[in-house]
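These values consider heavy atoms only, across backbone and side chains, with no hydrogens, waters or symmetry-generated copies.
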Amino acid sequence: MEQQPLILEVEDRPPFLKGAFLSLQHVFAMFGATILVPVLLGMPVSVALLASGIGTLIYQIATKAKVPVYLGSSFAYIAAMQIAIDQMGGDVSAAQSGLIMVGLLYVIISGIVHLVGVSWIDKLLPPIVIGPMIMVIGLGLAANAVQNAGFVANSDWRVILVSVTTFLIAAFINTKAKGFLKIIPFLVAIIGGYLLAAVLGIVDFTAVREANWFALPELFLPFKTQTFQSYDFYLGPESFALLPIVLVTVAEHIGDHSVLGKICNRSFLKEPGLSRTLIGDGAATVVSAFFGGPANTTYGENTGIIGMTRIASTSVIRNAAIIAVGLSFMGKFTALISTIPVPVLGGMSILLYGVIASNGLKVMIEDKVDFNQSRNLVIASSMLVIGLGNAVFDIAGILTLSGTALSAMTGILLNQILPQEEAQYEPEYKTLPKEGTNLEADFETAN
């Protein structure tokens with residue numbers, strides 16, 4: 001199917017009023033997922049909103065405003081950050097230091113890409129490695145989601161009712177809704193679950209009553225001040241454990257920009273180039289982590305908005321980022337978000353973590369990874385058991401790899417050392433498409 005032409009190209013600017021509504025639409029699209037990450041980690045929502053807006057502006061500068069990308073909170077680092085925080089007794093120093101190094105590693109990778117191209121990434125991270133990596137990230141916190149949802153012994157029936165309702169709202173919107181509503185299932189689920197929780201009396205509004213209408217974001221800085229909380233820049237095994245996850249997020253970065261390029265009928269990986277987009281993403285994460293926020297990443301939700309509206313204007317994205325920065329200073333608003341009860345998050349997390357894991361499976365299905373080959377079976381099964389079993393590998397007390405990080409390194413190593421096999425037979429379930437089937441049209445319609 002031929003791609004529909006854009007209504008506004010990347011360089012175009014809409015009229016002021018129309019542009020304002022288009023920007024608000026992007027804010028709504030990213031909002032649910034962006035605030036969910038800090039809420040799950042017990043981090044300030046105001047910092048995540050601030051970092052999202054500033055990070056997007058940094059990205060626009062790095063790419064010369066040639067790519068209509070919005071950056072929001074990354075889910076890929078949740079498990080590793082939570083482990084790092086737990087291992088430090090609740091201190092965020094290891095998690096934030098690790099994210100700063102993650103952003104710097106992006107910049108280093110962008111330099112390598114500029115010098116030698118991207119073929120090495122494909123060889124290092126084929127689908128048989130990327131797929132299980134994503135599955136481990138998604139399922140790594142499954143137990144937390146189940147506990148938060150109240151599916152434990154002697155749980156309050158109200159908690160279970162709220163979590164199940166939240167889950168069902170997100171599930172039905174994801175499967176039945178059309179148009180713009182379909183891309184914000186988590187935001188709608190939060191609102192629905194929150195309202196039910198309030199009716200059942202399990203929401204504490206104290207924080208909202210005590211908050212000021214205007215308030216500075218609750219920053220965490222790597223030095224002490226009289227106004228903000230602080231953390232120490234920490235180089236230790238807990239922070240280094242975040243670095244292997246970069247391999248997953250870089251692969252996702254490339255995929256997101258490829259999809260956006262198809263929508264806009266441009267090759268963003270060539271102009272402004274992958275090295276610039278990586279620098280923008282990495283620099284945004286460094287700044288976010290410096291302020292005490294989560295890692296930033298390109299948001300598929302906002303790419304979906306561009307695909308639906310055919311509006312690819314970077315000025316719309318820039319103004320959405322400015323709105324996000326403004327929201328971070330609204331004290332009552334961020335306090336209201338902080339009152340979201342645990343069962344709402346638990347019900348949503350069951351779906352969210354499962355969807356992330358399923359995307360890992362989807363990567364392998366789309367690449368037709370052949371599990372009749374023993375090497376593929378060995379790589380995937382080893383990664384899943386090591387990652388989900390929370391295996392720990394301590395290297396002389398200098399570096400400790402565990403969970404997702406150890407799983408990633410295991411997959412990369414096995415992929416390099418295990419011999420390639422030739423397919424001995426075709427799987428019995430493979431069938432030819434029916435006569436008259438237009439596969440290209442079906443693919444375009446589905447996406």
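Taking both residues in full, the closest heavy atoms of T339 and V203 are given as O-CG1, 3.8 Å, listed atom of the first, atom of the second, then distance. Listed here is the closest heavy atom pair of A312 and C264: CB-SG, 3.8 Å. Across every non-hydrogen atom of V37 and P294, the tightest pair is CG1-CB, 3.9 Å. Here the closest heavy-atom approach between residue L336 and residue V208 is recorded as CA-CG2, 3.6 Å. Among all heavy-atom pairs drawn from N296 and A51, the shortest one is ND2-O, 3.3 Å. Scanning all heavy atoms of the two residues, the minimum distance from L243 to G98 falls at CD2-O, 4.2 Å.
Listed for the S73 side chain is a donor-acceptor partner under 3.5 Å among the backbone atoms of T34. With S288 contributing its side chain and A284 its backbone, the two residues share no donor-acceptor pair below 3.5 Å. In this structure a side-chain-to-backbone donor-acceptor pair under 3.5 Å is missing from D232 to Y234. Side-chain atoms of N376 come within 3.5 Å of backbone atoms of D370 as a donor-acceptor pair (strictly under, hydrogens ignored). Side-chain N or O atoms of S163 include none that pairs as donor or acceptor with a backbone N or O of P343 at under 3.5 Å. With hydrogens and angles ignored, the 3.5 Å screen pairs no side-chain donor or acceptor of D367 with any backbone N or O of V369. At distances below 3.5 Å, at least one donor-acceptor pair connects side-chain atoms of R375 with backbone N or O atoms of L418.
In this structure, NZ on K332 lies 14.5 Å from CZ on F214, to the nearest 0.5 angstrom. Expressed to the nearest 0.5 Å, how far OG1 of T166 lies from CD1 of I191 amounts to 11.5 Å. Taken from CD1 in I322 to CG in L57, the straight-line distance is 6.0 Å, to the nearest 0.5 Å. For the atom pair CG of L49 and OG of S328, the computed distance is 6.5 Å after rounding to the nearest 0.5 Å. If you take OG on S239 and CD on Q96, they are separated by 11.0 Å, rounding to the nearest 0.5 Å. In this structure, M383 CE and I412 CD1 are separated by 7.5 Å, a value rounded to the nearest 0.5 Å.
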Taking it one step at a time, do T227 and T225 satisfy side chain to side chain donor-acceptor pair (under 3.5 Å)? CA-CA 6 Å; T227 306; T225 66; 5.2 Å; no

Using side chain to side chain donor-acceptor pair (under 3.5 Å), reason through H253 and T277 one step at a time and then give a plain yes or no. CA-CA 9 Å; H253 176 103; T277 64; 2.8 Å; yes

Please test V325 against I54 for side-chain contact (heavy atoms from CB on, under 4.5 Å), starting from the C-alpha separation and ending with a verdict.
CA-CA 7 Å; V325 171; I54 292 179; 4.2 Å; yes

For this session: For R318 and T56, run side-chain contact (heavy atoms from CB on, under 4.5 Å): C-alpha distance rounded to whole Å, both residues' side-chain angles, the deciding distance at 0.1 Å, then the answer.
Result: CA-CA 7 Å; R318 179 200 64 214; T56 301; over 6 Å; no

How far apart are the C-alpha atoms of E238 and M81, what are their side-chain angles, what is the distance that settles it, and do they pass the side-chain contact (heavy atoms from CB on, under 4.5 Å) test? CA-CA 9 Å; E238 297 87 355; M81 288 181 68; over 6 Å; no

TODO: Verify side-chain contact (heavy atoms from CB on, under 4.5 Å) between V162 and Y194, making sure each step is shown before the conclusion.
DONE: CA-CA 8 Å; V162 169; Y194 188 94; over 6 Å; no

Using side chain to side chain donor-acceptor pair (under 3.5 Å), reason through Y299 and S52 one step at a time and then give a plain yes or no. CA-CA 11 Å; Y299 257 33; S52 172; over 6 Å; no

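Taking the ring-ring contact (aromatic ring centres under 6.0 Å, His included) definition, one finds that F223 meets it with nothing, sequence neighbours left out.
With contacts defined as side-chain heavy-atom distances shorter than 4.5 Å, the pair V67/H257 qualifies. Side-chain atoms of F151 and I350, non-hydrogen and from C-beta on, do get closer than 4.5 Å to each other. A heavy-atom distance below 4.5 Å is not found between the side chains of T285 and F290. No side-chain heavy atom of F333 sits under 4.5 Å from any side-chain heavy atom of V45. Taking the side chain as every heavy atom from C-beta outward, I254 and L269 approach each other to under 4.5 Å. Between L235 and F233 there is a side-chain heavy-atom pair separated by less than 4.5 Å. A 4.5 Å side-chain heavy-atom check between V47 and F220 finds every atom pair outside the cut-off. Contact of the M101 side chain with the F240 side chain is registered, since non-hydrogen atoms from C-beta on lie closer than 4.5 Å.
Counting heavy atoms of neighbouring residues, nucleotides and ligands inside a 6.0 Å radius, atom CZ of F172 does not exceed 12 of them. Within 6.0 Å of the CD atom in Q82, the count of heavy atoms belonging to other residues, nucleotides or ligands exceeds 12.
Side chains of Y77 and T249: a donor-acceptor N/O pair is present below 3.5 angstrom, by distance only. In summary, the side chains of Y231 and S97 do not present any donor paired with an acceptor at a separation below 3.5 Å, with no hydrogens or angles considered.
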